[in-house]
Amino acid sequence: MIFSTMVFVSLSPLLNPKSKTKFFPNRNQTYSPLSLNSSFLNKSDHRPPPSSSTLHSSPSSTPQGCRTRFHPCPSSSVSPPARITHSRSAASTQGSLYRHASHSPSTSAMCSGDPNIVLQPLCRVQTGLVQMYSNCGFLVEAAKVFDEMPDRSTVTWNVFITGLIKWGEVGLAHSVFDLMSARSIVSWTLVIDGYTRTNQSVKAFTLFRKMVQVDGIEPTEVTLLTIFPAIANLGSIKICQSVHGYAEKRGFNAFDIRITNALIDLYAKCGCIESASRLFREIPDHRKNSVSWTSVMSVFAMNGMGREAVESFEIMEKAGLRPNAVTFLSVLSACSHGGLVEEGLKFFNKMVNDYQLVPDIKHYGCLIDMLGRAGRVTMKILEIERGHGGDYVLMSNILTGAGRFKDAERIREMLDKRIAFKLPGCSVV
DNA sequence: ATAGGGTTAG
């Protein structure tokens, strides 16, 4: 079939054994998923060294700037023993699914010879295979199954595109997307999302615009939430406004609080504080959730409006909404920028004691920044830490990173003393 | 059967 050949050609980099290693950068042992008792995917365990040129046809493959969850590590997410287990079940599943198909309720229909009904279960099984391989990072295997499928549904294509994007092959995913004859909104969203997450904002927005303007396809709320970070990255208030208008016109804004919250953030990042806070004010109170408040607090934080952020926090709390770690980060950042040291410390206390939230490096970063402006850095932080069993080592590392070797040294000493003090206590118990 | 992050320091 011509179509199949086209797909094959476009996937040839994936099917090229030389490119295999690229997908398993952390793999320290090689074995194939179906090698145990499958012959239809013949794998070699002795592959030539990676040849990046076979795949890097465009800079889009560059993983730099990608968010981490975008590039799960194959060897950590799927451990070798699990893989072997998986391999066995994959191979046996294949058989059992086929058996299942022959005993399924549609057996009579299949016997009647209706090709559509016969093909559907096969397509689904193979789609499942493509998905399984894609999720595990076995893109070559996924491509092979995909290529050899006699019949592919839109879901098959989407599943394969998902796999390619998940493992950083956005450019390749786009090529596959281009070959589709019937793209669903999921297909578009996937590729746009791939570009957004790899910081290819122009490509993301170009594709989004093509989808809406040329192909006349309506985005879903997921598509919009996907395109917002790209627009924020472009920093264009004009695009921000036009997308906002679109969302408003289609009713997204009214029916999905997530869209409104994301728009607040988008306006702020495009430098339009007034629009951001107006958008927030226009949300009916009963629809405001903690993310809405957090978003508006971060708008205040960006502009040194500490008082307003503190005030927002209090209103939010009174409304019975529970702040999370991000909420506290916003308010701490606002306190830091607004010079509200006492308030900032109070919020940090509240976070740890009242809400039992564990501060991370960003919270400490805010604290350091805040206290750094006021002087007295180390002792103040240690006061907090002593009360709440915080992480001295983390603190010490932060200070070392900031060039405060002397302070870091002192913290280590205190840590040692603390351990020395604690040990006898433990032995009594 | 397929997307599925509202908000994350400096």
Side-chain angles (χ1 to χ4, degrees), chain A residues 67-70 97 120-121 123-132 134-135 152-166 173 177 180 183-194 196-197 219-230 232 247 252-253 256-269 276 279-280 283 287-302 309 312 316 321 323-337 344 348 357 359-370 372-373 398 401-402:
Chain A
R67 299 183 201 177
T68 40
R69 72 189 155 96
F70 211 57
L97 283 171
Q120 206 187 15
C123 174
R124 288 198 178 199
V125 170
Q126 290 177 323
T127 300
L129 266 180
V130 173
Q131 182 176 31
M132 183 195 72
S134 296
N135 281 339
R152 304 179 194 94
S153 70
T154 306
V155 174
T156 317
W157 289 84
N158 291 346
V159 159
F160 187 46
I161 288 172
T162 305
L164 290 172
I165 290 175
K166 180 178 175 182
F177 169 85
M180 292 178 77
R183 304 172 186 97
S184 69
I185 183 61
V186 174
S187 328
W188 287 93
T189 307
L190 279 170
V191 182
I192 291 168
D193 192 37
T196 300
R197 294 199 202 200
T220 65
E221 65 276 16
V222 178
T223 321
L224 288 179
L225 291 171
T226 290
I227 197 65
F228 286 164
F252 283 114
N253 216 350
D256 195 336
I257 186 67
R258 296 178 306 169
I259 295 287
T260 315
N261 292 341
L263 277 171
I264 292 169
D265 181 61
L266 180 56
Y267 268 111
K269 282 176 178 161
L279 213 49
F280 175 79
I283 306 175
R287 291 193 68 230
K288 284 178 184 144
N289 63 15
S290 62
V291 178
S292 318
W293 287 102
T294 304
S295 302
V296 82
M297 279 187 250
S298 81
V299 174
F300 291 141
M302 287 176 203
S312 301
M316 182 196 74
L321 294 169
N324 62 19
V326 184
T327 317
F328 277 105
L329 190 59
S330 287
V331 78
L332 284 175
S333 167
C335 288
S336 166
H337 291 161
F348 188 79
L357 294 166
D360 65 25
I361 192 157
K362 293 176 192 160
H363 299 93
Y364 287 108
C366 276
L367 277 194
I368 289 181
D369 193 44
M370 184 174 75
R373 296 165 200 245
I398 293 170

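Scope of the values below: all heavy atoms of this structure, side chains included, with no hydrogens, waters or symmetry mates. A, B, ... follow the sequence lines: proteins, then strands. Residue 1 opens every chain.
Atom CZ of A:Phe252 sits about 9.5 Å away from atom CG of A:Leu225, to the nearest 0.5 Å. For the atom pair A:Leu263 CG and A:Ile257 CD1, the distance stands at 10.5 Å (nearest 0.5 Å).
Looking at heavy-atom distances under 4.0 Å, A:Ile259 makes no contact with the nucleic acid at all. At a threshold of 4.0 angstrom between heavy atoms, the contacts of A:Gln131 are confined to the sugar-phosphate backbone, with no base atom among them. Looking at heavy-atom distances under 4.0 Å, A:Thr260 makes no contact with the nucleic acid at all. As judged by a 4.0 angstrom heavy-atom cut-off over every strand, A:Ser153 is placed among the base-contacting residues. Using a 4.0 Å heavy-atom criterion, one finds that A:Ser330 contacts no nucleic acid atom at all. Backbone-only engagement by A:Ser295 is indicated by non-hydrogen atom pairs under 4.0 Å involving sugar-phosphate atoms exclusively. Heavy atoms of A:Lys269 sit under 4.0 angstrom from primed sugar atoms or phosphate atoms, though from no base atom. Across all strands, A:Thr226 comes closer than 4.0 Å to base atoms (heavy-atom distances). If you check every strand for non-hydrogen atoms under 4.0 Å, A:Leu225 touches a base. A:Thr189 comes within 4.0 angstrom of a nucleotide base, judged by non-hydrogen atoms across all strands. At a threshold of 4.0 angstrom between heavy atoms, the contacts of A:Asn289 include nucleobase atoms, whether or not backbone atoms are also involved.
Atom CD1 in A:Ile368 sits about 10 Å away from atom C1' in B:dA9, given to the nearest Å. Distance A:Leu129 CG to B:dA1 C1': 13 Å, rounded to the nearest Å. Between the P atom of B:dG5 and the CD1 atom of A:Ile192 lies a distance of 16 Å, rounded to the nearest Å. Atom CG in A:Asp193 sits about 16 Å away from atom P in B:dT2, given to the nearest Å. Counting to the nearest Å, the P atom of B:dA9 and the OH atom of A:Tyr364 are 17 Å from each other. The separation between A:Met297 atom CE and B:dG6 atom P is 17 Å, rounded to whole Å. Here B:dA9 presents its P atom at 8 Å from CE of A:Met302, a figure rounded to the nearest Å. The distance from atom CG of A:Leu329 to atom P of B:dG5 is 20 Å, rounded to the nearest whole Å.
Of the listed nucleotides (B:dG6, B:dA1, B:dG4), B:dG4 has the atom at the smallest distance from the side chain of A:Glu221. Considering only side-chain atoms of A:Val222, the nucleotide from B:dG6, B:dA1, B:dG4 that sits closest is B:dG4. Set against B:dA3, B:dT8, B:dG6, the side chain of A:Asp265 has B:dT8 as its closest nucleotide. When the nucleotides B:dT2, B:dT7, B:dG6 are ranked by their closest atom to the side chain of A:Val186, B:dT2 comes out on top. Picking from B:dA3, B:dA1, B:dG5 the nucleotide with the shortest atom distance to the side chain of A:Thr127 gives B:dA1. In the set B:dT8, B:dG6, B:dA9, B:dA9 carries the atom at the smallest distance from any side-chain atom of A:Ser333.
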Audit row: A:Trp188, A:Phe177, ring pair (Phe, Tyr, Trp, His ring centres under 6.0 Å) steps and yes/no: CA-CA 8 Å; A:Trp188 287 93; A:Phe177 169 85; 4.9 Å; yes
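Dashed line: the shortest gap from a side-chain N or O of A:Lys362 to OP1 or OP2 of B:dT7 is not under 4.0 Å. Between A:Arg197 and the phosphate of B:dG4, there is a side-chain N or O to OP1/OP2 separation shorter than 4.0 Å.
Of the options A:Thr223, A:Val222, A:Leu190, a side-chain contact (heavy atoms from CB on, under 4.5 Å) to A:Ile185 is made by A:Thr223 and by none of the others.
Counting atom types as modelled, A:Ser336 pairs no side-chain N or O with a base atom of B:dA9 as donor and acceptor under 3.5 Å.
No donor-acceptor pair under 3.5 Å is formed between the side chain of A:Ser312 and the backbone N or O of A:Met297.
Taking a cutoff of 4.0 Å between a charged side-chain nitrogen and a carboxylate oxygen, A:Arg258 and A:Asp256 qualify as a salt bridge.
Aromatic rings from A:Phe280 and A:Trp293 are positioned such that their centres are separated by under 6.0 Å.
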